[in-house]
Amino acid sequence: MVKFESDMRTLIRWGILGPGKIAHSFAGDLQLVETGVLNAVASRSMERATAFAETYDAPYVFDDYDAMLALDTIDVVYIATPHTGHEMWALKAMEQGKHVLCEKPLGINRSQVERMIACAKKNGVFLMEALWTRFNPSIQKIKQLVDAKKIGEIGYLHADFAFYGLDKGEEGRLLNPELAGGSLLDIGIYPIFLSYLLLGKPKNIQSSVNIHHTGAEVQAAMLFDYGNTKALLYSGLTSNSEMRAEIQGTGGTIFIDSRWHETQGFSVIRDGVTKEYGLPTTGKGYSHEINEVHSCLQSGQLESEQWSHANSLDLITLLDTVRQQSNIVFPFEK
C-alpha cells in the first residue's frame, strides 16, 4: 500500500476512467483541491479523451482503460463509467495496486460490492463509493443536529429525486436494462441513502415500481418502516420533482433546500422560529469527497470512517431489497 505523507505539498495523482458528464464536474472540482492533480484520463474515444485532458490539463491520455491502469504515475482511479463497468474496472485497478473512488452505486448488487471490498483488502488499497452527498457541508451538519436530537425524536422523513428522462435514447444507460438502467440505481439511491444515514436500516420495506416498455424501472415509491418513524422515498424518470427533503421531529423540522442532494443550505424550525443555515459547497461539491479520499490516503486509512465499506454494503442491500420485491433482475444477472 502507498501511504502518503501528511505534507500538504505532496500531490495525490488521479486518473479518470470514463470522461462523461459527472467526470467533468469531478475534474473541475479536483482543480480546486490543492493536494491533488489530474494526471491521466481514459476513454473509448481518443478524441473524447484528448478534449477532456486539454480542458483539465491532464498530461496522459488513453483510449484504452487497461493502459491507463498500468500507468505508474497515478495513485487513485476515479471510475465514472456506466454502472455495468464499476465492478470490473475497480477490480482491475485495485489488482494494479491503485486506490479507487468508484461512482455510486459501488456495484449493481451486493455480490459485486462484496467482491470489490475483498479485492481492496487483498491488495491493501483504499476503496470508497463516490457518494458525494455524504460529504456535503449541509448534510454533515444535518446529521450532527439529528444525532444530537436537536429536533427531538424523528417521526417522519421525506426525500425524492426525479426528473423527466423518458425522452432519453432507449439504448442509453437510463432506459436500457442491459446497462442496469432505471431510476432506482441512478437516482433512487439518494433518498435511500438519506434515510439510511439519518435513521439506519429499517425494520421493514414496502415498495412499488413502474416498468418502462424497455424493461427498465422508471418509478419507485418506497416506505421504510422504522417502527415509530416512517420514511417516504421516491425516485422517477416520468416527471420532475421539487427535491426538497423534509425531516420531522418531536421538537422541530428540518427542510433541506431544493435539489437537496447537492444543497447549499437548509432551515430548522423550532418553536415557531426559523433558522437558516447557509453552507455552500466548494465548487459543485465533489471537492468534499476528494478531500476525504486525500485525508484517508495521507493517514494510511483503507476506507473512510464517514462512508465505510459496511455503509456501502448496507446501502446496496437496501437497493437489492427494493429490486427483489418487484422482481427487477437485469438481463446479465440471469
Participant: Where does the angle between the aromatic ring planes of F26 and Y78 fall among parallel (under 30°), tilted (30 to 60°) and perpendicular (over 60°)?
Facilitator: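 Parallel.
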Participant: Check whether the side chains of T253 and E246 place a donor and an acceptor atom closer than 3.5 Å, and report yes or no.
Facilitator: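 No, E246 and T253 have no side-chain donor paired with an acceptor closer than 3.5 Å.
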Participant: For the residue pair L223 and I205, establish whether any side-chain heavy-atom pair is separated by less than 4.5 Å.
Facilitator: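 No. Closest side-chain heavy atoms not under 4.5 Å.
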Participant: Are a donor atom and an acceptor atom from the side chains of H294 and T35 found within less than 3.5 Å of each other?
Facilitator: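 Looking only at side-chain atoms, T35 and H294 do form a donor-acceptor pair, the distance falling under 3.5 Å.
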Participant: Less than 6.0 angstrom from the centroid, inside 45 degrees of the normal: does R244 satisfy that with respect to the ring of F255?
Facilitator: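 So R244 does make the cation-pi contact.
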Participant: Can a side-chain donor-acceptor contact be found between E262 and T133 if the only test is distance below 3.5 angstrom?
Facilitator: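 Side-chain D/A pair, T133 to E262: absent.
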Participant: Side-chain contact test, heavy atoms from C-beta onward, threshold under 4.5 Å: evaluate it for C296 versus E303 and give yes or no.
Facilitator: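 SC-SC contact between C296 and E303 ruled out.
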Participant: Given side chains that start at C-beta, do those of I154 and V146 come closer than 4.5 Å, heavy atoms only?
Facilitator: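 I154 reaches V146 side chain to side chain.
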Participant: Is it the case that one hydrophobic cluster holds both M88 and L69, taking links as side-chain heavy atoms less than 4.5 Å apart, direct or via other members?
Facilitator: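 In one cluster with M88: L69, yes.
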Participant: Quick one: does Y226's side chain get under 4.5 Å of K203's, heavy atoms only?
Facilitator: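 Of all side-chain heavy-atom pairs linking K203 with Y226, none is under 4.5 Å.
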Participant: Any side-chain heavy atom of I74 sitting closer than 4.5 Å to one from W14?
Facilitator: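 Side chain of I74 against side chain of W14, heavy atoms only: no contact under 4.5 Å found.
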Participant: Step through the shown structure and confirm whether more than 12 heavy atoms of other residues, nucleotides or ligands are within 6.0 Å of NZ on K284.
Facilitator: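 Not buried by this count: 12 neighbours or fewer within 6.0 Å.
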Participant: Taking atom types as modelled, find out whether Y196 and D314 have a side-chain donor-acceptor pair closer than 3.5 angstrom.
Facilitator: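 Judged by distance alone, the side chains do pair up.
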Participant: Could you check whether the rings of H86 and H83 sit parallel, tilted or perpendicular, using 30° and 60° as the cut-offs?
Facilitator: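 It falls in the perpendicular class, over 60°.
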Participant: Mark yes when over 12 heavy atoms from residues, nucleotides or ligands other than E276 sit less than 6.0 Å from its CD; otherwise mark no.
Facilitator: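 Yes.
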Participant: Cut-off 3.5 Å, side chains only: do Q301 and S299 have a donor facing an acceptor?
Facilitator: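 Side-chain D/A pair, Q301 to S299: present.
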Participant: Counting heavy atoms not belonging to Y234, are there more than 12 under 6.0 Å from its OH?
Facilitator: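 More than 12 within 6.0 Å, yes.
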Participant: What I want to check is whether the side chains of W89 and T81 have a donor and an acceptor closer together than 3.5 Å.
Facilitator: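 No, no side-chain donor-acceptor contact under 3.5 Å.
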Participant: Should the ring pair Y156 and H158 be called parallel, tilted or perpendicular, given that the plane angle runs from 0 to 90° and is split at 30 and 60?
Facilitator: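 Parallel: the ring planes of Y156 and H158 meet at under 30°.
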Participant: Measure from NZ or CZ of R44 to the centre of the six-membered ring of Y65 and say whether it is under 6.0 Å with the direction within 45° of the ring axis.
Facilitator: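 Yes, R44 lies over the aromatic ring of Y65.
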Participant: S304 and E292: side-chain donor and acceptor closer than 3.5 Å?
Facilitator: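 Judged by distance alone, the side chains do pair up.
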Participant: Does any N or O in the side chain of T214 come within less than 3.5 Å of the main-chain N or O of N176, such that one atom is a donor and the other an acceptor?
Facilitator: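 Judged by distance alone, no pair lies under 3.5 Å.
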Participant: With hydrophobic residues grouped by side-chain heavy-atom distances under 4.5 Å, do L166 and I187 end up in a single group?
Facilitator: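 Hydrophobic grouping puts L166 with I187.
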Participant: Counting only heavy atoms not in N228, do more than 12 fall under 6.0 Å of its CG?
Facilitator: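 No, CG of N228 has 12 or fewer neighbouring heavy atoms, counting only those of other groups under 6.0 Å.
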Participant: Give a yes-or-no answer on whether the side chains of Q306 and Q140 include a donor-acceptor pair shorter than 3.5 Å.
Facilitator: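 Per modelled atom types, Q306 and Q140 side chains form a pair under 3.5 Å.
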